[in-house]
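Written out below as structure tokens is the structure these notes cover.
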Amino acid sequence: LAIDLIGSANELVPVVGEVADVLWAPIAAYALRSLYGNSNLLFALEFGEEILPFTDILPLATICWVVETYFADSSVAQALGLGIYDSNRRRLM
């Protein structure tokens with residue numbers, strides 16, 4: 001939640017917000033990747049969401065938390081790389 005709050009708070013000041021997004025994008029992307037099993041797809045999605053203008057409305061970190069917490073065995077979680085899987089793509093945790 002904090003990743004999404006900080007990313008959205010940048011938009012409170014119109015011009016400064018977009019400049020802050022350039023600095024925040026790699027930090028947020030790395031943090032999200034570190035939290036959710038080193039998924040490069042999550043890194044790319046979060047980086048794109050933070051760096052592109054007008055996309056801060058999407059709470060990607062919160063969505064990842066919901067998917068991992070409530071839908072951990074879903075194909076969405078597996079596609080995003082949320083969780084740990086064995087070689088047969090069965091969830092271990």
More than 12 heavy atoms from other groups under 6.0 Å of CG on Leu12: yes
ILVMFWY network linking Ile57 to Leu32, side-chain heavy atoms under 4.5 angstrom: no
Taking every non-hydrogen atom, the tightest pair across Glu50 and Ala28: CG-CB, 4.2 Å
Side-chain donor/acceptor of Asp21 to backbone N/O of Ile51, under 3.5 Å: no
Interatomic spacing from CD1 in Ile63 to CG in Leu45 - rounded to 0.5 Å: 10.0 Å
Candidate pair Ile27 and Ile3, rule side-chain contact (heavy atoms from CB on, under 4.5 Å), full reasoning: CA-CA 9 Å; Ile27 296 167; Ile3 294 171; over 6 Å; no
N/O donor-acceptor pairs under 3.5 Å from side chains in residues 37-44, not counting sequence neighbours:
from, atom 1, to, atom 2, distance (Å)
Ser39, OG, Leu41, N, 3.4
Ser39, OG, Leu42, N, 3.2
Ser39, OG, Leu80, O, 2.7
Asn40, OD1, Arg33, NH1, 3.1

In one Ile/Leu/Val/Met/Phe/Trp/Tyr side-chain cluster, 4.5 Å: Val22, Ile6: no
Side-chain donor or acceptor of Thr69 paired with backbone N/O of Val66 under 3.5 Å: no
Phe47/Tyr30 under side-chain contact (heavy atoms from CB on, under 4.5 Å): CA gap, chis, key distance, verdict: CA-CA 8 Å; Phe47 186 82; Tyr30 180 76; over 6 Å; no
Residue pair Leu60 / Glu49: nearest heavy atoms and the distance that separates them: CB-OE1, 3.9 Å
Least distance between heavy atoms, Ala77 atom then Phe71 atom: CB-O, 3.5 Å
Test item: Thr55 side-chain N/O and Leu52 main-chain N/O as donor-acceptor pair under 3.5 Å: yes
